[in-house]
Amino acid sequence: MHCGPEGARAAMAMAEKFDSLEEHLEKFVENIRQLGIIVSDFQPSSQAGLNQKLNFMVTGLQDIDKCRQQLHDISVPLEVFEYIDQGRNPQLYTKECLERALAKNEQVKGKIDTMKKFKSLLIQELTKVFPEDMAKYKAIRGEDPPP
């Protein structure tokens, strides 16, 4: 994560690239919608309009391709596309990933706490059974033996 003015500028530049792509995609979708209307009720007199919309479609694809080149280093997890295909909001993917990460973090934290407790109890019990060896162990570890 970038900090400071450089990071803010980079984030703004990336946002502008996404905004540009979104704008081109919206124009393309609208052009396709209009093209569908023309084709569904085609009249010979609408041939010029059809040709114009087809040219707009080609230009739109070229504009989208230019945006693609600016965003070549962006990768989207395939699961996001699965969410979209299922009609789900792709932002739910991020939310669910964070929830899974938090749950896993809690599990790992629980395991770490359990291991620390085990280590403490093991050292106590070993100190009772092998006091001299444990004193050496603690000296090597740089731990002060308890009074």
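Along the sequence shown, residues carry numbers from 1.
Judged as a ring pair (Phe, Tyr, Trp, His ring centres under 6.0 Å), the pairs with a partner in residues 74-121 (not counting sequence neighbours) are, in order, Tyr83-Tyr93.
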Working for side-chain contact (heavy atoms from CB on, under 4.5 Å), residues Gln43 and Asp41: CA-CA 6 Å; Gln43 304 293 321; Asp41 188 30; 3.6 Å; yes
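A distance of 11.0 Å separates CD of Glu99 from OG1 of Thr94, quoted to the nearest 0.5 Å. To the nearest 0.5 angstrom, Glu79 atom CD is 10.5 Å from Gln86 atom CD. Between atom CZ of residue Phe56 and atom CG of residue Leu35 there is a gap of 11.5 Å, rounded to the nearest 0.5 Å. Taking CG from Asn51 and CD from Gln47, the interatomic distance works out to 4.5 Å, rounded to the nearest 0.5 Å. We find the CD1-CG distance between Ile37 and Leu50 to be 13.0 Å, quoted to the nearest 0.5 Å. Taken to the nearest 0.5 Å, the CD atom of Glu125 stands 11.5 Å off from the CD1 atom of Ile123.
Among all heavy-atom pairs drawn from Val80 and Pro90, the shortest one is CG1-CB, 3.7 Å.
Environment of CZ in Phe42: crowded, with over 12 heavy atoms of neighbouring residues, nucleotides or ligands closer than 6.0 Å. No more than 12 heavy atoms of other residues, nucleotides or ligands sit less than 6.0 Å from atom NZ of Lys136.
Under the salt bridge (Lys or Arg N to Asp or Glu O under 4.0 Å) criterion, Arg141 pairs with Glu143, sequence neighbours left out.
When the side chains of ILVMFWY residues are joined at heavy-atom separations under 4.5 Å, either directly or via intervening members, Leu122 and Val129 end up in a single hydrophobic cluster.
Side-chain contact between Asp63 and Thr59 is present, with heavy atoms from C-beta onward closer than 4.5 Å. Residues Leu21 and Arg68 have side chains not in contact (no heavy-atom distance under 4.5 Å, counting atoms from C-beta outward). A 4.5 Å side-chain heavy-atom check between Glu96 and Arg88 finds at least one atom pair inside the cut-off.
In this structure a side-chain-to-backbone donor-acceptor pair under 3.5 Å is missing from Ser20 to Glu16.
In summary, Asp113 and Lys109 engage in a salt bridge, as defined by a charged side-chain N under 4.0 Å from a carboxylate O.
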Which donor-acceptor pairs under 3.5 Å do the side chains of residues 26-33 make with protein atoms, sequence neighbours left out?
residue : atom : partner : partner atom : Å
Lys27   : NZ   : Glu23   : OE2          : 3.3
Glu30   : OE1  : Arg33   : NE           : 3.0
Glu30   : OE2  : Arg33   : NE           : 3.3
Glu30   : OE2  : Arg33   : NH2          : 2.6
Glu30   : OE2  : Gln34   : NE2          : 2.9
Asn31   : ND2  : Lys53   : O            : 3.0

